[in-house]
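When a ligand or atom number is given, it counts from 1 through the structure's own listing order.
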Amino acid sequence: MKLNFDSKIADNYKNQSQRMRVLTEDWVFNEIFCPNCGSLKINKYANNKPVADFYCNKCLEEFELKSKKGKIGKKVSAGAYSKMIERINSITKPNFFFMGYLKTLYVNDFFVIPKHFFISEIIEKRNPLSKNAIRAGWIGSNILFSRIPKAGQIFYVENGKEIPKNKILEKWQKTVFLKDIKEVNAKGWILDIMNCIDSLNKKEFSLQDIYDFESDLQSIHKDNKNIKPKIRQQLQFLRDKGYLEFLDRGKYKLI
Ligand SMILES: [Zn+2]
């Protein structure tokens, strides 16, 4: 994989944001394989197609690219809030590619977040633009990476270092079971528990470690009166899907 952009293809563009769009899209088109089926070629939709930027013509997965200059950081802006929420709740939502590039025109970070990790909780609503702004009252949004489990952030390039293709494909397959969870609340619970496990930052953990998040989970799921049984149910589900292993009584291991 070549990590630098082919800068001469944008020689005819004067506008900086148009220039960067051409360069980043060209790089994805040439360097990125489909994370779902491994096909070496993903195709570009015609510009301004509202659905997405790229698609795989083998498995038909769709991808939208969001890129920014510099480190990718904890969040990325995602356009109008109402549009973003509408897209997340639609059945045609795409997967998202995220890119952070350096001013030397090298890709520093590139990852995909599968669409089944997108729930409205990961979208932050920004304050409306002030009445003096050109688009007064407009409400933007951010995608918060901190709300997405690590299993849902699949790097191709991490801090300038390439990740092997087999690792990327494996990581994608590991959480495809989330596609089948259609109900929003059920999806929220699973992702919350995956986030709790992530924040422990260890491979083996106990049931008590997760129970320690009881009050945090209660504040998210205010109507639920049975947080502990709900935690156990999610852990069993994650075990059944091959995400966790049960060791001894009350001991778990990430696979
Ligand atoms: Zn594919």
Side-chain angles (χ1 to χ4, degrees), residues 1-6 9 20-68 72 76 78-79 83-84 86-101 106-119 122-123 143 145 148-182 187 190-191 194 238 241-243 255:
M1 184 184 285
K2 159 174 101 69
L3 293 182
N4 59 310
F5 299 145
D6 183 3
I9 62 148
M20 290 323 298
R21 187 175 50 76
V22 169
L23 293 178
T24 54
E25 289 185 355
D26 175 72
W27 184 83
V28 171
F29 178 70
N30 286 306
E31 304 297 333
I32 293 301
F33 54 87
C34 173
N36 181 50
C37 74
S39 170
L40 288 178
K41 205 89 207 128
I42 56 167
N43 293 293
K44 226 172 117 2
Y45 278 120
N47 278 341
N48 300 322
K49 181 139 171 111
V51 285
D53 299 316
F54 298 95
Y55 64 98
C56 171
N57 57 358
K58 202 166 151 203
C59 72
L60 304 179
E61 287 288 344
E62 294 180 313
F63 306 91
E64 183 163 315
L65 173 64
K66 297 224 173 277
S67 57
K68 74 184 229 186
I72 198 92
V76 73
K83 268 225 176 77
M84 196 60 200
E86 193 184 299
R87 287 194 83 187
I88 277 192
N89 293 325
S90 87
I91 47 164
T92 58
K93 67 181 164 186
N95 305 285
F96 278 86
F97 285 142
F98 294 96
M99 176 198 287
Y101 59 87
Y106 270 80
V107 176
N108 191 59
D109 287 304
F110 187 90
F111 58 93
V112 60
I113 296 182
K115 60 188 168 198
H116 37 273
F117 281 90
F118 275 82
I119 56 172
I122 69 166
I123 307 299
I143 295 170
F145 298 128
I148 300 172
K150 286 191 198 118
Q153 297 180 47
I154 304 172
F155 281 88
Y156 287 66
V157 180
E158 187 168 17
N159 213 1
K161 194 174 157 286
E162 259 184 68
I163 308 295
K165 183 175 178 180
N166 64 329
K167 287 246 160 66
I168 295 165
L169 297 179
E170 232 172 66
K171 197 169 173 185
W172 177 280
Q173 289 305 326
K174 209 174 144 189
T175 59
V176 285
F177 65 84
L178 290 170
K179 274 187 189 175
D180 301 330
I181 309 172
K182 303 283 185 238
K187 172 75 70 75
I190 280 292
L191 296 181
M194 287 167 85
L238 288 171
K241 298 299 177 187
Y243 189 81
I255 295 175

| task | Hey, can you tell me if Y45 and Y55 have their rings parallel, tilted or perpendicular (30° and 60° cut-offs)? | result | tilted
| field | N-O pairing of K167 and E158 below 4.0 Å | value | no
| said: If the threshold is 4.0 Å, N to carboxylate O, is there a salt bridge linking K115 and E62? | reply: no
| Which residues satisfy the salt bridge (Lys or Arg N to Asp or Glu O under 4.0 Å) test with K2, sequence neighbours excluded? | none
| message | Whether K93 engages the ring of F118 as a cation-pi pair (distance to the six-membered ring centre under 6.0 angstrom, angle to the ring normal within 45°) should be assessed. | response | no
| task | Sort by chain and number the protein N/O/S atoms found under 2.8 Å from the Zn ion (ligand 1). | result | C34 SG, C37 SG, C56 SG, C59 SG
| Atom NZ of K41: over 12 foreign heavy atoms under 6.0 Å | yes
